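Comments concern the structure below.
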2 protein chains.
Amino acid sequence: MADSTDGQTAAAVAFLLAQLGEHAAAKFAERIESLELTPAHAGVLRLVSVRPGCSQQVLAGALGALPSKVVALVDELQRRGLVERRRNPADRRLHALHLTDEGEEMLRRVRSAAETHGAELTRALDPEQRGHLADLLGRIAADQGLQPGVHPGYQRLRR
Amino acid sequence: MADSTDGQTAAAVAFLLAQLGEHAAAKFAERIESLELTPAHAGVLRLVSVRPGCSQQVLAGALGALPSKVVALVDELQRRGLVERRRNPADRRLHALHLTDEGEEMLRRVRSAAETHGAELTRALDPEQRGHLADLLGRIAADQGLQPGVHPGYQRLRR
DNA sequence: TATTGTTATACTCTATAACTATA
DNA sequence: TATAGTTATAGAGTATAACAATA
């Protein structure tokens, strides 16, 4: 069944993914604007929560962002009391990153916003269809070698 | 079944869409690099083909791009003999845009690249799953008010 | 006066590369 | 000498606004 119709379907799927991906990212950014966070900020909070004590280099690698960008992001989040930089006594070059209690609270709000965002985005589907869609997208993501939960493209790499 | 599990599924779908959308857009851009086209160029070719004789203003609106950007894109495509600007005798301010034969040929190559791209992106799915995915994504796109076939996000609006 | 297309300019962002402090 | 983090700078890309031609 790898006929011309299927080829067009595949192309249409790719187009829809690009279109919806842009839409989803823009809507999410809009939604966390009220928290005065950008998607990049949210990515930092999430990753520091998952890997407490990680260095800024590790963070840059996982986010796909430049170290210099990470400095600015962490500066901002630290200034607002959401993350802490702790010197590592064993290697004083490293900054171990941790969420403060306020940071944890903010992350809960981000997660809540993400759920509302997801519900709004997929409101045209019933729960069964939503589950099916998650499955199909997960298969593609795994096949394409995308890291689960890591950097949706907040980074502008461009090589 | 609108329970906490479903809420997490919805959030996961939104995340996957953003992640896969970025991936799909990047891969497509890579694929048409060999044609020395950017996604924005491809968008112009496609739209001029669909709406032959359209003005640059109309094009800018449909692409979600700035008029000044459209000028640069059309300049480049005209220089390469892919599109023509024809003065409209009725209103000499307007440039009616048309594809040349070379432009038509280039668009065929872009469409072929898009099919290969789609097949590669969705290779983890069988044709039935691919069709199902196209259906689910189409429902969301329609519900979210996205124009079919129009601007996947090549524009950087940001407002 | 309003609109199309164009050009010029200002601005934002990103990437690169220097610099410091530690190792 | 090499690495983490930081700062400064250059470059790319975008949006804004001025402009000429036509209506």
Side-chain angles (χ1 to χ4, degrees), chain A residues 22 25-26 29 33 36-44 47-48 51-79 83-98 151-159, chain B residues 22 25-26 29 33 36-44 47-48 51-79 83-98 151-159:
Chain A
E22 172 87 9
E33 237 177 40
E36 296 184 81
L37 294 177
T38 65
H41 289 129
V44 171
L47 272 159
V48 172
R51 306 174 81 155
C54 74
S55 73
Q56 295 186 185
Q57 289 286 335
V58 167
L59 198 56
L63 282 170
L66 295 168
S68 53
K69 178 74 181 289
V70 171
V71 170
L73 289 169
V74 174
D75 276 354
E76 162 90 7
L77 294 172
Q78 186 177 43
R79 189 185 60 72
V83 304
E84 272 182 6
R85 284 177 166 111
R86 297 190 199 150
R87 281 283 178 194
N88 183 335
D91 184 340
R92 291 177 44 76
R93 292 174 305 181
L94 278 72
H95 280 163
L97 300 175
H98 295 269
H151 96 80
Y154 304 144
Q155 73 296 353
R156 297 291 106 85
L157 267 181
R158 216 165 301 249
R159 198 169 0 160
Chain B
E22 171 88 11
E33 237 176 41
E36 297 184 79
L37 294 177
T38 64
H41 289 128
V44 171
L47 272 159
V48 172
R51 308 173 81 156
C54 74
S55 72
Q56 295 185 186
Q57 287 286 335
V58 167
L59 198 57
L63 281 170
L66 295 168
S68 53
K69 178 73 180 289
V70 170
V71 170
L73 288 169
V74 174
D75 277 353
E76 163 90 6
L77 294 172
Q78 186 176 45
R79 190 186 59 72
V83 304
E84 272 182 6
R85 283 177 167 113
R86 296 190 200 149
R87 280 283 178 196
N88 184 334
D91 184 342
R92 291 177 45 75
R93 290 173 305 181
L94 279 71
H95 279 163
L97 300 175
H98 296 270
H151 96 81
Y154 305 145
Q155 74 293 355
R156 295 293 105 86
L157 271 179
R158 215 165 300 254
R159 193 153 357 156

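Model, not experiment: these values are computed from the prediction. Quick note on labels: first sequence line is chain A, next is B, and so on, each numbered from 1.
Between the CG atom of A:Leu73 and the CG atom of A:Leu63 there is a distance of 7.5 Å, given to the nearest 0.5 Å.
Residues passing the side-chain contact (heavy atoms from CB on, under 4.5 Å) test with A:Ser68, sequence neighbours excluded: A:Leu66. Listed by chain and residue number, B:Glu84 satisfy the salt bridge (charged side-chain N to carboxylate O under 4.0 Å, His left out) test with B:Arg86 (two or more places apart in sequence, or in another chain). Judged as a side-chain hydrogen bond (donor to acceptor under 3.5 Å, both in side chains), and not counting sequence neighbours, the contacts of B:Arg93 are B:Asp91. Partners of B:Pro67 by side-chain contact (heavy atoms from CB on, under 4.5 Å), not counting sequence neighbours, listed by chain and number: B:Gln57, B:Ala60. The side-chain contact (heavy atoms from CB on, under 4.5 Å) search around A:Gln56 returns A:Val70, A:Val71, A:Val74, A:Arg85, A:His95, A:Leu97, not counting sequence neighbours. Every residue two or more places apart in sequence or in another chain was checked for a side-chain hydrogen bond (donor to acceptor under 3.5 Å, both in side chains) with B:Glu33, and none qualifies. Residues that satisfy the side-chain hydrogen bond (donor to acceptor under 3.5 Å, both in side chains) test with A:Arg92, not counting sequence neighbours, are absent from this structure.
The nearest pair of heavy atoms linking B:Leu94 to B:Ser55 is CD2-CB, 4.2 Å.
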Checklist entry - What one-letter contact string describes nucleotides 18-23 of chain D from 5' to 3', where B marks a base within less than 4.0 Å of any protein heavy atom, S marks contact via sugar-phosphate atoms alone, and - marks no contact? => result ----BS
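Counting to the nearest Å, the C1' atom of C:dG5 and the CG atom of B:Leu63 are 16 Å from each other. Atom CD in B:Gln57 sits about 11 Å away from atom C1' in C:dT6, given to the nearest Å. Atom CZ of A:Arg85 is separated from atom C1' of C:dA21 by 15 Å (rounded to the nearest Å). Distance A:Asp75 CG to D:dT7 P: 7 Å, rounded to the nearest Å. Protein atom CG of A:Leu94 is 12 Å distant from nucleotide atom C1' of C:dA21, rounded to whole Å. At whole-Å resolution of the value, CD in B:Glu76 and C1' in D:dG13 are 16 Å apart. With rounding to whole Å, A:His95 atom NE2 is found 14 Å from D:dT3 atom C1'. Atom CZ of A:Arg86 and atom P of D:dG5 are 15 Å apart (whole Å).
Nearest to the side chain of A:Ser55, among D:dG5, C:dT16, C:dG5, sits D:dG5. Counting only heavy atoms from C-beta on, B:Gln56 has its side chain closest to C:dG5 among C:dG5, D:dG5, C:dT14.
When the side-chain nitrogen and oxygen atoms of B:Lys69 are compared with OP1 and OP2 of D:dT14, one or more of them lie within a distance under 4.0 Å.
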Grab the N/O contacts between the protein and nucleotides 8-11 of chain D below 3.5 Å, and write none if there aren't any.
none

